[in-house]
Every structure is written in C-alpha cells, then in structure tokens.
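Per chain, numbering begins at 1; letters A, B, ... match sequence-line order. Because the structure is predicted, anything quoted here is derived from the model rather than measured.
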Amino acid sequence: MQIATWNINGVKARLDNLLEWLRSAGPDVCCLQEIKSEDAAFPRGAIEDLGYNVATHGQKGFNGVAVLSKHPFDEVLPRLPGDDADEQARYLEAVISTGEGAVRVASIYLPNGNPPDTEKFTYKLAWMDRLHAHAEATLRLEEAFVMAGDYNIIPEPEDAHDPAAWEGDALFRPDSRGKFRSLLNLGLTDALRACTDAAETYTFWDYQGGAWQKNNGIRIDHLLLSPQAADRLKSCRVDKHTRAWERPSDHVPVVIDLAV
DNA sequence: ATGCCAATGTTCCATTGA
C-alpha cells in the first residue's frame with residue numbers, strides 16, 4: 001500500500017495539480033498539509049470521484065490538514081492532544097483498514113517557528129513536545145503507525161543545499177533538530193533515509209530567488225514509521241517532477257510503499 | 001537585516017509561510 005504526504009499550499013488553488021497527481025500516482029493514502037480551507041469549503045467531491053474517502057481538519061485562511069484514503073476509515077482523530085486551547089489545525093490521525101490489516105496514519109503540519117526570538121518559536125517547541133508525548137503513547141499500541149507530514153525541520157546539514165544559509169533559522173536550530181532526534185529516538189524510522197543516502201534529496205524549494213532552478217532545496221517533509229510499519233517498508237520516493245508543473249506547490253509529494 | 005513569491009482574508013494592502 002502506498003502512503004504519501006504532500007504540503008499542497010492551498011487545496012483550492014492547487015486542485016488541478018492534486019487531481020492530476022492522484023490520477024497518475026494513485027496512492028492508497030495521501031496526507032495533505034496547508035489545505036488553507038475550512039472543512040465545508042474543501043473540494044471533497046472531485047477527490048471522492050477518484051475513489052477516495054476524505055477526512056479534513058481545516059480552518060479559515062491558513063494551516064489545515066487532510067487524509068485521503070481509498071480504504072475506509074475505522075477511526076478519525078482531529079487535533080493533537082495536550083493543549084485544548086490550541087486552535088491551529090495541524091494534526092489529523094486516522095486508522096485505515098485494508099484486507100490485510102490496519103494502518104494508523106497521521107497528517108502533521110508542524111509549526112514553522114520563525115522568527116526564532118518570538119512566541120512562534122516557543123509554540124513550535126511546545127508543539128513538538130506534545131507530538132513527542134502523543135507518539136510515545138501511540139507507539140505503546142504496537143501498531144503499524146505512519147507519522148507523515150511537513151515537519152518544518154531540516155534534520156541534518158545534508159538535508160539542505162546550502163546549510164549555512166539556514167544557520168539560526170527555526171527549521172535548523174539545534175533545539176529544533178534536537179527535539180526531532182528525540183522523536184526518532186522513541187524508535188521511529190525516517191522512511192526516506194532508510195531507503196537512500198542519495199545527496200541533494202529535497203522536498204521543498206522556495207518560490208523566491210529561483211530556488212527550484214538552482215536546486216536550492218531542503219528536506220523537511222518526512223514519514224516517520226513505527227517499528228511495525230518500518231518492518232513492512234518496501235520503498236520511498238520523492239515525486240519532484242510536480243515542482244516543475246504550472247502553479248506548483250513549493251513542496252512535492254513523498255511516497256512510501258508498505259507491504260500491507 | 002530585508003526582499004525576493006504565492007495564497008488567502010483582513011481584499012487593491014496585510015498576514016503568513018520557510
């Protein structure tokens with residue numbers, strides 16, 4: 001079964017690109033981030049027509065996540081536990097059953113956190129603590145669990161074309177990267193790095209400064225796998241061709257294939 | 001230190017993003 005994550009940067013502005021990619025790649029599950037849409041305005045009909053069930057957790061204007069699945073949802077869980085006052089739509093978890101078993105999948109839009117001397121960065125670190133606690137609790141279920149999304153974390157210098165340019169940025173600060181490592185240290189596997197050490201593997205290229213043309217990218221979209229999911233990992237790829245499409249998202253899809 | 005682009009709402013500028 002193929003599970004994808006894609007920060008779509010506005011699902012309504014990007015609907016044609018999304019449908020084209022779903023038709024050609026045909027993933028079983030697709031986690032979307034930055035849908036920038038309220039649930040009622042989400043273009044679910046066009047996606048359902050391609051055979052997908054649709055779960056959304058959106059808000060007006062920005063943020064917002066969704067899970068699309070060709071298999072039925074057993075369970076849908078919006079919101080990351082740990083702070084009932086948090087109004088930002090950044091987390092949606094679903095249990096998806098197939099003929100051969102169930103997979104728990106989370107669509108994650110981790111806060112950017114810039115500028116790092118503001119409460120935005122404090123919020124990012126606190127959000128990462130909540131994600132850590134929730135991951136730890138969920139891992140105790142010993143299920144195949146795929147935490148997919150835009151983590152807004154550059155894990156290592158080799159995950160940036162120009163790491164020096166990211167020095168001090170919320171995506172690359174030692175404290176941000178440290179919390180990401182702590183998450184991995186719970187026993188999660190970074191799917192892409194389990195499959196390749198290929199240099200210059202990126203998932204985001206800024207719209208500005210000709211970043212795509214210069215391959216000035218970063219790897220910030222990740223699929224982290226529980227041991228039960230990692231044991232079933234067959235492959236992981238980045239569909240970077242979508243970045244060259246007209247009116248592209250600044251992120252591209254990352255796709256894993258699981259033997260489920 | 002800031003703008004560069006792009007989407008959206010607060011709409012002909014401001015906010016947010018990375």
Side-chain angles (χ1 to χ4, degrees), chain A residues 5-19 21 31-43 46 56-66 86-91 107-128 131 148-177 179-180 200-222 238 240 242-254:
Chain A
T5 181
W6 193 6
N7 179 320
I8 197 73
N9 189 18
V11 70
K12 283 168 279 189
R14 215 74 62 207
L15 185 59
D16 288 345
N17 279 10
L18 174 63
L19 295 175
W21 184 75
C31 299
L32 297 175
Q33 300 87 36
E34 276 206 271
I35 60 174
K36 297 188 178 181
S37 170
E38 292 177 297
D39 294 335
F42 190 91
T56 63
H57 177 47
Q59 69 183 98
K60 196 182 242 185
F62 59 111
N63 299 331
V65 288
D86 184 3
E87 295 298 329
Q88 299 193 32
R90 297 179 173 277
Y91 188 90
S107 182
I108 293 167
Y109 180 44
L110 206 145
N112 173 297
N114 279 307
D117 59 346
T118 65
E119 70 290 339
K120 293 192 173 189
F121 190 62
T122 319
Y123 174 68
K124 174 177 194 155
L125 295 181
W127 206 93
M128 293 187 83
L131 185 64
D150 175 1
Y151 279 76
N152 272 313
I153 296 283
I154 302 166
E156 300 294 339
E158 51 266 38
D159 295 312
H161 182 76
D162 182 9
W166 295 94
E167 208 70 43
D169 191 282
L171 279 63
F172 196 53
R173 279 184 44 132
D175 31 11
S176 309
R177 292 170 55 199
K179 286 197 185 294
F180 185 76
E200 309 269 349
T201 301
Y202 308 127
T203 65
F204 168 89
W205 294 261
D206 203 298
Y207 290 121
Q208 306 174 73
W212 168 246
Q213 287 74 14
K214 297 173 189 165
N215 196 27
N216 184 14
I218 51 179
R219 188 175 76 94
I220 56 176
D221 299 273
H222 310 297
V238 180
K240 67 186 285 188
T242 60
R243 186 64 179 77
W245 286 356
E246 277 194 44
R247 285 187 49 150
S249 168
D250 38 9
H251 297 249
V252 299
V254 185

Ring centres under 6.0 angstrom apart (W21(A), W245(A)): no

Do NZ/NE/NH1/NH2 and the carboxylate oxygens of E158(A) and R219(A) come within less than 4.0 Å? no

Nearest-Å distance, CG (L110(A)) to P (dG17(B))? 12 Å

Taking the P atom in each of dT10(B) and dA6(B), what is the distance between them to the nearest angstrom? 23 Å

What is the nucleic acid contact for D150(A), judged by heavy atoms within less than 4.0 Å: base, sugar-phosphate only, or nothing? sugar-phosphate

What is the distance, rounded to the nearest whole Å, between atom CZ of F204(A) and atom C1' of dT16(B)? 13 Å

Can you check the E167(A) CD to dA1(B) C1' distance for me, whole Å? 17 Å

Output side-chain donor-acceptor pairs under 3.5 Å for residues 115-122 of chain A, partner residues at least two apart or in another chain, one line each.
residue, atom, partner, partner atom, Å
T118(A), OG1, P115(A), O, 2.7
T118(A), OG1, K120(A), N, 3.2
T122(A), OG1, T118(A), O, 3.4

Can you tell me the distance, in whole Å, between the CG atom of D162(A) and the P atom of dA18(B)? 19 Å

So what does N216(A) touch, heavy atoms closer than 4.0 Å: a base, only the sugar-phosphate, or nothing? nothing

Rounded to the nearest angstrom, tell me the gap between atom CG in D169(A) and atom P in dG17(B). 13 Å

Listed by chain and number, what are the side-chain hydrogen bond (donor to acceptor under 3.5 Å, both in side chains) partners of R243(A), not counting sequence neighbours? none

Contacts of T56(A) meeting side-chain hydrogen bond (donor to acceptor under 3.5 Å, both in side chains) (sequence neighbours excluded), chain-then-number -> D39(A)

Kindly say if N152(A) contacts the phosphate of dA18(B), meaning a side-chain N or O under 4.0 Å from OP1 or OP2. yes

Using whole Å, what does the distance between atom P of nucleotide dT2(B) and atom CG of N114(A) come to? 12 Å

Side-chain polar contacts of residues 161-170 of chain A - donor-acceptor pairs under 3.5 angstrom, sequence neighbours left out - could you list them?
residue, atom, partner, partner atom, Å
H161(A), ND1, E200(A), OE1, 2.9
H161(A), ND1, N215(A), O, 3.2
D169(A), OD1, N114(A), ND2, 2.9
D169(A), OD1, L171(A), N, 2.9
D169(A), OD2, N114(A), ND2, 3.3

Can you find a side chain N or O atom of Y109(A) that sits less than 4.0 Å from OP1 or OP2 on dA18(B)? yes

Determine the contact category for K124(A): base if any of its heavy atoms lies under 4.0 Å from a base atom, sugar-phosphate if only primed atoms, P, OP1 or OP2 are that close, otherwise nothing. nothing

Euclidean distance for C1', dA7(B) against dC12(B) (whole angstrom): 16 Å

Could you write out each protein N or O paired with an N or O of nucleotides 5-10 of chain B at a distance under 3.5 Å?
residue, atom, partner, partner atom, Å
dA7(B), OP1, R14(A), NH1, 3.1
dA7(B), OP1, R247(A), NH2, 3.4

What contact category does R219(A) fall into here, base, sugar-phosphate, or nothing, at under 4.0 angstrom with non-hydrogen atoms? nothing

If you measure from the P atom in dT16(B) to the same atom in dT11(B), how many Å do you get, rounded? 15 Å

Applying salt bridge (Lys or Arg N to Asp or Glu O under 4.0 Å), can you list everything that pairs with D221(A), at least two apart in sequence or on another chain? none

Distance between the C1' atoms of dC13(B) and dA1(B), in whole angstroms? 23 Å

